Amino acid sequence: MNAALLIDASYFIAAFLFIYGLKRMSSPLTARSGIVVAGAGMVLAVLASFLYTLDVNDAAKPFLSTNLTLAIIALALGLGWAWRSGKKVAMTEMPQMVALYNGMGGGAAAAIAAIELIGYKTHSSVSLTLAVLGGVIGAVSLSGSLIAWAKLDGRINKTLRFSGLQAVNGSLLLLLLAIGAYIVWHGGVVAIPVFALFFVLALVYGVMMTMPIGGADMPVVISLYNAFTGLAVGFEGYVLNNPALMIAGMVVGSAGSLLTLLMAKAMNRSVANVLFSNFGAAGDEEQGEMEGSQKPVDAGDAGINMRYATKVIIAPGYGLAVAQAQHKLYELVKLLQDADVEVKFAIHPVAGRMPGHMNVLLAEAGVPYDIIYDMEDINNEFKEADVAIVIGANDTVNPAARSNKSSPIYGMPILNVDQAKQVYVVKRGQGKGYSGVENALFYADNTQMVYGDAQKVMVSMIQAIKSLGGGH
Amino acid sequence: MEYTTTILTGFVALYIFMLAAFTGFEIIGRVPAILHTPLMSGSNFIHGIVVVGALWALLNAASLPEQIIGFIGVLLGAGNAAGGYVVTERMLQMFKPSGKSTKE
């Protein structure tokens, strides 16, 4: 049996399993098996890659045993660390871990480009161009994802901004492209320091590009870098003549680009707007005083009112997850359901820290996905609801987005919670939302505020309803 | 019978890229919003295949700098693949219908 044939056949099967797995992942019914299918493809491809040891370049033959040892150590370390960190991380912190792993992939693609370039292994101008492009995209994805991770993890809180930042970034990008063109023009035969400068500048550019972007926009950025890494992997796949990398990379590159567009659209913004304007700065601006006042209500009273409602719609936000109140919330939902109250969840496309993140957090608490509705499916039902309860959400339910043209979130689609007969807002205090925008909903006549930690509020509501007796 | 790997260049490579790009677009285009995060994580796992390329590069390294960069590449690629898998698997584990499944 020929080793090259075995490798190629394994890659073919792996590519099939990736696409089939991704396809299965795109429906909630089959999603769980999808990742297992794709995982099998990955294991097969990695195992087959060890057949490379049978046929390495002549120049590398004297190093083979060292290289093989290094490869096994690197694999074990990377796998061991990522496996443990992935198992440990809390669901609320999932977005930053995705950013971190994505950055690592970008770094790996950049490393492949670096080896190809400094070893002068690539000669054709197409290969060189793709090696250079994949290298710069991978490096930007690496440093950019690291900044995104640090920001979401609360390790970097300030957003770097100064006048002329865009000009600096623009010239940096031009310089990068110029060096890349220089490398290709000289057939890849340039001094090592030029390569070093090229990769360092690419890393710097990734940092500079990400630093001005506010935390609220990070999900879109992470998704964009995910597409970047895919693209970089696809390009390096061409350089290495590896169809598995080409196919997997390009599938992720296009899927990730579409996902980025969908996310940006859900926030009613363009990707360019996310990257080059400063949304997070809006909080500093003066905003008109709100009319009316915030009316507080006791958690128990609110709970009892829901018990006697016919229809309750819950609009959860990231605050719910931060307070770890999902499980208590589901307990409350089951109590209400036992009392024949119709309960539905309304999920804003950007609830949580990523589109779909809130669904994951609710699923973690055991909430069945068939009582969870997307915004467009449920927005018309709020006017029939007796009670809408907002838990730890703010910007996604702010009616100012519909009416107030001067509001920074104007135009963003929102959940129509204000149309319910009674609105309860569970909130820690009187602060503003993630975007720093004052919320008109809190001052509306049909809104009452339940102040307190979401988990404690849920417990009070549950106790109040249970103390009524009846039911089960 | 001797088998040799086909070199994928020029239009063959372009065809592969084009078809793969459409495949990715089609798969994601019909996805309900509730699966966006798991899918982002799942596609993040799939580009972890880069570890295979890094392995090739490291096994064919012929100097110390190449070995160092190759080592880092395999390390990062393995982290991408393993981390992406674990996180995606954990997220998808949670998707359970309540007895009757009404949505497809």
Side-chain angles (χ1 to χ4, degrees), chain A residues 2 4-5 18 22-23 25-26 28 31-32 35 39 45 49 52 56-57 59-60 67 70-71 74-75 78-79 82-83 86 98 101-102 104-105 107-109 111-112 114-115 119 226 229-230 233 240 245-248 250-252 254-255 258 349 354-357 359-360 363-364 368 370 374, chain B residues 3 5 7-8 13 16-17 20-21 23-25 27-28 31 33-34 36-37 39-44 46-47 49-50 52-62 66 69-89 91-92 94-95 97-98 102-103:
Chain A
N2 185 312
L5 176 60
F18 287 157
L22 207 52
K23 178 79 201 149
M25 270 185 251
S26 62
R32 292 160 74 195
I35 184 67
S49 300
Y52 284 141
V56 297
N57 294 338
N67 288 348
L70 284 175
L75 262 184
L79 195 134
W83 197 272
V98 173
Y101 298 140
N102 176 56
M104 294 174 82
I112 294 173
I115 292 181
N226 186 38
T229 303
V233 171
L240 299 181
L245 262 67
M246 289 168 74
I247 293 171
M250 202 46 81
V251 165
V252 176
S254 80
L258 183 55
M354 274 200 231
H357 189 203
N359 301 79
V360 172
E364 186 188 19
D370 42 19
D374 288 345
Chain B
Y3 172 84
T5 304
I7 309 293
L8 302 161
I16 293 178
F17 279 146
T23 307
F25 211 80
I27 289 175
I28 298 288
V31 167
I34 68 162
H36 278 173
T37 293
L39 259 174
M40 182 155 132
S41 175
S43 58
N44 177 37
I46 284 178
H47 65 51
I49 186 70
V50 69
V52 166
L55 270 173
W56 184 88
L58 175 55
L59 291 174
N60 284 287
E66 287 179 36
I69 301 173
F71 182 83
I72 296 172
V74 174
L75 185 79
L76 293 177
N80 181 185
Y85 182 86
V86 174
V87 167
T88 311
E89 206 256 348
M91 278 191 226
L92 292 175
M94 298 165 185
F95 281 92
S98 64
T102 46
K103 274 185 179 177

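The model shown is predicted, which means the values in this text are computed figures rather than measured ones. Lettering follows sequence order; numbering is per chain, from 1.
- When all heavy atoms are compared, the tightest approach of B:Leu76 to A:Met104 is CB-O, 3.2 Å.
- Ranked by non-hydrogen atom pairs under 4.5 Å with chain B, the options A:Ala255, A:Gly107, A:Ala82 are led by A:Ala255.
- When each of B:Gly42, B:Ser43, B:Gly77, B:Ala82 is scored by its heavy-atom pairs under 4.5 Å with chain A, the top score falls to B:Ser43.
- Of all non-hydrogen atoms in B:Asn44 and A:Val98, the two that sit nearest each other are ND2-O, 3.5 Å.
- Ranking A:Leu79, A:Asn102, A:Leu240 against chain B, the residue ahead of the rest is A:Asn102, based on heavy-atom pairs under 4.5 Å.
- With a 4.5 Å cut-off on non-hydrogen atoms, A:Leu70 touches chain B through its backbone and its side chain both.
- Aromatic ring orientation, B:Tyr85 versus A:Trp83: parallel (interplanar angle below 30°, classes split at 30° and 60°).
- The residue among B:Leu59, B:Thr88, B:Leu55, B:Val87 with the most heavy atom pairs within less than 4.5 Å of chain A is B:Leu59.
- For the pair B:Ala61 and A:Asn67, the tightest heavy-atom approach, listed with the atom from each and the gap, is O-ND2, 3.0 Å.
- When side chains are defined from C-beta on, B:Ile46 does not count as touching A:Val251, because their heavy atoms never get closer than 4.5 Å.
- Most heavy-atom pairs under 4.5 Å with chain A: of the set B:Ile27, B:Val74, B:Ile28, B:Ile49, this distinction falls to B:Ile49.
- Separation of atoms OG1 (A:Thr229) and CG (B:Asn80) is listed at 7.0 Å; rounding is to 0.5 Å.
- Distance check, rounded to the nearest 0.5 Å: CD1 of A:Ile115 to CD1 of B:Ile72 gives 9.0 Å.
- Annotation: side chain of A:Met250 is not in contact with side chain of B:Ile16 (no heavy-atom distance under 4.5 Å).
- Separating the CG atom in B:Leu92 from the CD1 atom in A:Ile35 is a distance of 6.5 Å, to the nearest 0.5 Å.
- When all heavy atoms of B:His47 and A:Asn226 are compared, the closest pair comes out as NE2-OD1, 2.9 Å.
- The CG atom of A:Leu75 lies 9.0 Å from the CG atom of B:Leu75; values are rounded to the nearest 0.5 Å.
- Between the side chain of A:Asn57 and the backbone N or O of B:Asn60 there is no donor-acceptor pair closer than 3.5 Å.
- Smallest separation of non-hydrogen atoms from A:Gly105 and B:Val50: O-CG1, 4.0 Å.
- For the pair A:Ala74 and B:Ala78, the tightest heavy-atom approach, listed with the atom from each and the gap, is O-CB, 4.4 Å.
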